[in-house]
Number of protein chains: 2
Amino acid sequence: MKKSEQKMQDILSFIEEYTKNSGYPPTYREISANVNLKSINSVKKYLDRLELSGYIKKSGFKSRSIDLVKQEIPTVNFPVVGRVAAGQPILAEQNIEDRLVISSSLIGNYDDSLLFALKVRGDSMIDAGINDGDLAIVHSQNTVENGEIAVAMVEDKATVKYFYKNKDKISLHPANALYQPIEGKNISVVGKVVAIIRKI
Amino acid sequence: MKKSEQKMQDILSFIEEYTKNSGYPPTYREISANVNLKSINSVKKYLDRLELSGYIKKSGFKSRSIDLVKQEIPTVNFPVVGRVAAGQPILAEQNIEDRLVISSSLIGNYDDSLLFALKVRGDSMIDAGINDGDLAIVHSQNTVENGEIAVAMVEDKATVKYFYKNKDKISLHPANALYQPIEGKNISVVGKVVAIIRKI
DNA sequence: TCAAAAGTCAAACATTTGTTCTATTTTTAC
DNA sequence: GTAAAAATAGAACAAATGTTTGACTTTTGA
C-alpha cells in the first residue's frame, strides 16, 4: 500500500472515532494534530481525495461539515407493551415498558410506527413454535388473512392465536391440542404477528 | 406549557433532525433561521438552557459543537454466516452473508465481537420451538453446559442440538422423536445459542 | 391589570475554521 | 539512480461561527 493511502485510512478512522465520541465531526486542524500532519493544507487534500473516493461528503466553507457516508444497517424501533390496561388503546403511553431496535430485514417491510412487541403468555401456540415468554413483534392492523397469526383482544386481554373467519364468524385457534378455539363475540384484531424473538 | 418551553422543544427537534440528515450539527444561525428566531442571541440562550437541562452538551467557541445527549438504545451488531466452507473458521470473511443489529437486551450480556447468527436448517429441534428457517443467534465459545443448546461442527457441517457430555463422551440430542442423537467423534462445539429469531 | 421577569432583536466583536498560495521535501515509477 | 509526481509545510487570507452588549418587546404570575 502507498504511504498516502495508509494516511487516508488513518484520517478516515480518526474522523469516525472523533464523531462517535463527540457527536460532531472534527475540524481540519483537529485532524492534522491527530494524524501527524503539520499542515492543514495536507488535511484538506486528503479530505478532497476521500470525498472523490466517496467515503465522505463535504460542504464548502462550512465548518466541521464532514458527512461520513457510512452504510448503516437499517433498523426499526418499536415499543414493548406490557400488561394492557382495560379499555385503553394497546399503544397507550402507560402500556409501554421498553423500546427495542432490530434490523429491518428481520421483519417484513412494515411501517416503523405501526410495530410493537408483546410478551407471549402461556403455551397455547407451542405447536407453532411459539413458547411461553417469547416476544412477538406485531404489526398493528384491524384485520388479518385466514390462517395468519393474530393478536386479538378477547375480553380486554391480548391473546396470540391463528385467525380464521367464516361468514363474519371469527375464531381464534390455538396451536396446542390441550386448548379449545375461541369463537364469537368480543373479539377484535389488533395486529398480525410478523416475527418471534426468544432469549434463551 | 410555557411558550418558551415549546420553543426549546422545537429547537431540540430541529437539532436532532438536522444532525440526522447532515451528519453534523447546525450552527446558531441555521437554528435561528429554522425555528423562527431572528436573533442568534436568542438561540444561544436557548442552547444554554438546553445544556443546563442536560439535553445537549456544548464546547465554548467551537463551531457546531452541539452534542446531543440522547439516550440511545444499546444494540449489538453481528454477522450472519451462510454455508460454512469446509475447513474454514466459521467467522471467515467468505462465510459472512450479512450483518444485523438487535437490542442488546434481547440477548444476554455477551461480547459484541463473539456473536454471530446462523439460519437453522431442518426440524430436528422443533420440540424446542426452533423451526426450519429460524435464525439462531450464537455466542462463540468452545464449550457449553449440559442441556444447553449448542452449535457444533459435525463432519464440517454446522448443526444445532442439545449438548450433553458424560465422561468425555459428547452427544448431541435433537428435540424431535424422529431423529437420533449424534455421538462421539469429530464433534466440536463452536458456540451456544442465545436467542432465536423467526420472521413470519 | 400591572410590574417584574423573561424573551427577542440587532450590531459589533472575537475566535475558529476552511481556502488558497508558494516553496520545500518526500515518494513514486521507470 | 533520477526525474517527475506527489505530498508536506507554513503563512496569509476569507468566511463562518460563537460571544457579548444593550435596548426593546412580550410573557408571566400575583
Side-chain angles (χ1 to χ4, degrees), chain A residues 1-70, chain B residues 1-70:
Chain A
M1 186 189 292
K2 282 191 192 172
K3 206 164 179 179
S4 65
E5 285 172 353
Q6 179 59 49
K7 207 91 184 175
M8 253 174 69
Q9 293 275 356
D10 291 348
I11 290 177
L12 193 58
S13 300
F14 174 71
I15 295 171
E16 284 169 353
E17 193 177 355
Y18 184 105
T19 306
K20 190 178 170 189
N21 291 338
S22 308
Y24 47 89
T27 65
Y28 289 13
R29 284 166 180 83
E30 285 167 337
I31 295 170
S32 91
N34 279 278
V35 297
N36 202 27
L37 278 176
K38 303 260 165 46
S39 166
I40 51 174
N41 183 21
S42 302
V43 173
K44 179 172 169 45
K45 290 192 174 172
Y46 277 114
L47 292 187
D48 288 345
R49 273 172 70 177
L50 283 167
E51 183 168 30
L52 272 177
S53 308
Y55 292 109
I56 63 172
K57 273 196 289 191
K58 295 192 299 142
S59 298
F61 279 102
K62 282 187 176 180
S63 69
R64 297 182 191 272
S65 65
I66 300 173
D67 184 10
L68 285 164
V69 296
K70 54 191 163 192
Chain B
M1 184 190 293
K2 282 191 193 173
K3 207 166 181 180
S4 66
E5 285 172 353
Q6 179 60 49
K7 209 90 185 178
M8 254 175 68
Q9 293 273 357
D10 292 348
I11 290 177
L12 193 58
S13 300
F14 174 72
I15 294 171
E16 284 169 353
E17 192 176 357
Y18 184 106
T19 305
K20 190 178 170 189
N21 292 338
S22 308
Y24 46 88
T27 65
Y28 290 15
R29 284 166 180 83
E30 285 168 337
I31 295 170
S32 90
N34 278 278
V35 298
N36 202 27
L37 278 176
K38 304 263 165 46
S39 165
I40 51 174
N41 182 22
S42 302
V43 173
K44 179 172 168 46
K45 290 193 176 174
Y46 277 114
L47 292 188
D48 288 344
R49 272 173 68 177
L50 283 167
E51 185 168 28
L52 271 178
S53 308
Y55 292 108
I56 63 172
K57 272 195 291 191
K58 296 193 297 143
S59 298
F61 277 103
K62 283 187 175 180
S63 70
R64 298 181 189 275
S65 65
I66 301 172
D67 183 10
L68 286 164
V69 297
K70 53 190 165 194

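These values consider heavy atoms only, across backbone and side chains, with no hydrogens, waters or symmetry-generated copies.
In this entry the distance linking CD of Gln6(A) with C1' of dA7(D) reads 15 Å, nearest Å. For the pair Glu30(B) CD and dG18(D) C1', the computed distance is 13 Å after rounding to whole Å. Per the geometry, OH belonging to Tyr46(A) stands 18 Å off P belonging to dG18(C), to the nearest Å. Distance, Leu47(B) CG to dG7(C) C1': 15 Å, rounded to whole Å. The nearest whole Å value for the distance from the CD atom in Glu5(A) to the P atom in dT27(C) is 15 Å. Nucleotide dT25(C) holds its P atom 17 Å from the CG atom of Leu37(A), rounded to whole Å. Atom C1' of nucleotide dA6(D) and atom NZ of Lys7(A) are separated by 14 Å, given to the nearest angstrom. Separating the CD atom of Glu51(A) from the C1' atom of dT19(C) is a distance of 14 Å, rounded to the nearest angstrom.
Within 6.0 Å of CG in Asn21(A) there are more than 12 heavy atoms belonging to other residues, nucleotides or ligands. More than 12 heavy-atom neighbours from other residues, nucleotides or ligands sit within 6.0 angstrom of OH on Tyr18(B).
Sequence order on DNA chain C of the closest nucleotides to Ile40(B) and Asp48(A) puts Ile40(B) first from the 5' end. With the nearest nucleotide of DNA chain C identified for both Lys45(B) and Phe61(B), Lys45(B) has the one nearer the 5' end.
Donor-acceptor pairing under 3.5 Å is recorded for the side chains of Ser63(B) and Ser63(A).
The listed nucleotides are dT17(D), dA10(C), dT8(D); the one nearest the side chain of Ser39(A) is dT8(D). Residue Lys58(A) has its side chain nearest to dT19(C) when only dT19(C), dA10(C), dA9(D) are considered. In the set dT8(C), dT17(D), dT20(C), dT20(C) carries the atom at the smallest distance from any side-chain atom of Lys44(A). Of the listed nucleotides (dG18(D), dT19(C), dA10(C)), dG18(D) has the atom at the smallest distance from the side chain of Ser63(B). With distances taken from any side-chain atom of Arg29(A) to the nucleotides dT19(D), dT17(D), dT19(C), the minimum falls on dT19(C).
Put simply, Ser4(B) has a side-chain N or O that comes within less than 4.0 Å of OP1 or OP2 on dG7(C). Under 4.0 angstrom from either OP1 or OP2 of dA6(C) there lies no side-chain N or O belonging to Arg49(B). Dashed line: the shortest gap from a side-chain N or O of Tyr28(B) to OP1 or OP2 of dT19(D) is under 4.0 Å.
In the interface, the side chain of Asn41(B) is not paired with the base of dT19(D) through any donor and acceptor atom under 3.5 Å apart.
At a threshold of 4.5 Å between non-hydrogen side-chain atoms, the residues Ile11(A) and Leu37(A) count as touching.
At the heavy-atom level, Thr27(B) lies under 4.0 Å from the strands shown only through sugar-phosphate atoms.
Taking CZ of Phe14(B) as the reference point, atom CD of Gln9(B) lies at 15.5 Å (rounded to 0.5 Å).
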